[in-house]
Amino acid sequence: MDARGTIRFADTEYDPGTMIRVIESLIGERATSVDHVEGIMEGIIPRTISLSKIYPNPFNSSVAIEVENESGQGVEIDVYDITGRWVDTIYSGWLNPGFHRFLWRATDESDHASSSGVYLVNLRGERNIISKTVVLLR
C-alpha cells in the first residue's frame with residue numbers, strides 16, 4: 001500500500017478477483033483503487049538475494065557456490081538430487097549483506113560421497129527461492 005492508500009500486488013497463484021476480495025475483507029470496505037500488475041514478481045518485490053556463481057560446473061570433488069545478499073536475512077542453502085530427495089544442507093542461518101562463498105564437497109548429511117549425477121542447489125531467502133543445477137562427475 002502506498003502513501004495514497006493504493007494497494008498494488010503482483011501475480012500470485014490466485015486470480016485478481018480473488019485477491020481484490022481478500023484485500024477488501026482485510027480492510028473492511030470496498031476497494032476503490034487496487035492495481036494488478038501483470039507479469040512476474042521480479043522488479044515489483046526487490047530481489048535481495050541471488051546465486052551469483054556456481055563453479056566449476058560440472059565438478060568432480062567440490063563445487064563453490066557464491067551468494068550475493070543485498071540485505072541481512074535468514075537463508076538456507078540445500079542440495080537435492082534429480083528426484084527431489086534432500087541430500088545436504090550447506091548453510092542455514094543469518095547471512096549478512098555482501099558476497100559469500102560456500103563449498104559443497106559432494107557428500108550427504110552423513111558425510112558419505114554422493115554419486116555422479118545432476119543435483120539442484122536451492123537457495124531460500126526470506127522473499128524468494130532460487131535454484132540452479134550442478135553436475136557431479138566422479
A.B. asks: Give me the one residue out of L51, N122, V67 that meets side chain to side chain contact (heavy atoms under 4.5 Å, CB included) with I77.
C.D. replies: V67
A.B. asks: To the nearest 0.5 angstrom, please state how far the OG atom of S52 sits from the CZ atom of F99.
C.D. replies: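 Those atoms lie 6.0 Å apart.
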A.B. asks: Applying a strict under-4.5 Å side-chain criterion to I, L, V, M, F, W and Y, I'd like to know whether Y80 and Y91 cluster together.
C.D. replies: no
A.B. asks: What residues form a side-chain contact (heavy atoms from CB on, under 4.5 Å) with V135, not counting sequence neighbours?
C.D. replies: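 So V135 forms a side-chain contact (heavy atoms from CB on, under 4.5 Å) with N57, P58, V118, L137.
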A.B. asks: Taking T89's backbone N and O only, do any of them form a donor-acceptor pair with E109's side chain (distance below 3.5 Å, no angle check)?
C.D. replies: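 Side chain of E109 to backbone of T89: no pair is present.
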A.B. asks: As an exercise, state the distance from CG of L123 to CD1 of I65, rounded to the nearest 0.5 Å.
C.D. replies: 9.5 Å
A.B. asks: May I ask you to check whether over 12 heavy atoms, not counting those of R138, lie within 6.0 Å of atom CZ?
C.D. replies: yes
A.B. asks: Which heavy-atom pair separates W86 from D78 by the least distance, and what is that distance?
C.D. replies: NE1-OD1, 3.3 Å
A.B. asks: Treat each ILVMFWY residue as a node, draw an edge where side-chain heavy atoms are under 4.5 Å apart, and state whether I90 and L120 are in one component.
C.D. replies: no
A.B. asks: Can you tell me if NZ on K53 sees more than 12 non-hydrogen neighbours from other groups inside 6.0 Å?
C.D. replies: no
A.B. asks: Could you tell me the separation between the CH2 atom of W104 and the CG atom of L136, rounded to the nearest 0.5 Å?
C.D. replies: 6.0 Å
A.B. asks: Any donor and acceptor pair, going by atom type alone, linking the side chain of Q73 with main-chain N or O of E126 inside 3.5 Å?
C.D. replies: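 Judged by distance alone, yes, a pair lies under 3.5 Å.
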A.B. asks: Measure the CG-CG distance between D81 and D88 for me, rounded to the nearest 0.5 Å.
C.D. replies: 12.0 Å
A.B. asks: Output the distance between atom CZ (R124) and atom OG (S131), rounded to the nearest 0.5 Å.
C.D. replies: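 Atom-to-atom, R124:CZ and S131:OG are 10.0 Å apart.
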A.B. asks: What pair of heavy atoms forms the shortest contact from S50 to I130, and how long is it?
C.D. replies: CA-CD1, 3.6 Å
A.B. asks: Report yes or no: does K132 contribute a side-chain atom to a donor-acceptor pair with the main-chain N or O of I54 at less than 3.5 Å?
C.D. replies: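 Checking the backbone N and O of I54 against the side chain of K132, no donor-acceptor pair under 3.5 Å is found.
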A.B. asks: Look at the side chain of S62 and the backbone N and O of L103, then say whether any donor-acceptor pair between them is shorter than 3.5 Å.
C.D. replies: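 No, S62 side chain to L103 backbone: no donor-acceptor pair under 3.5 Å.
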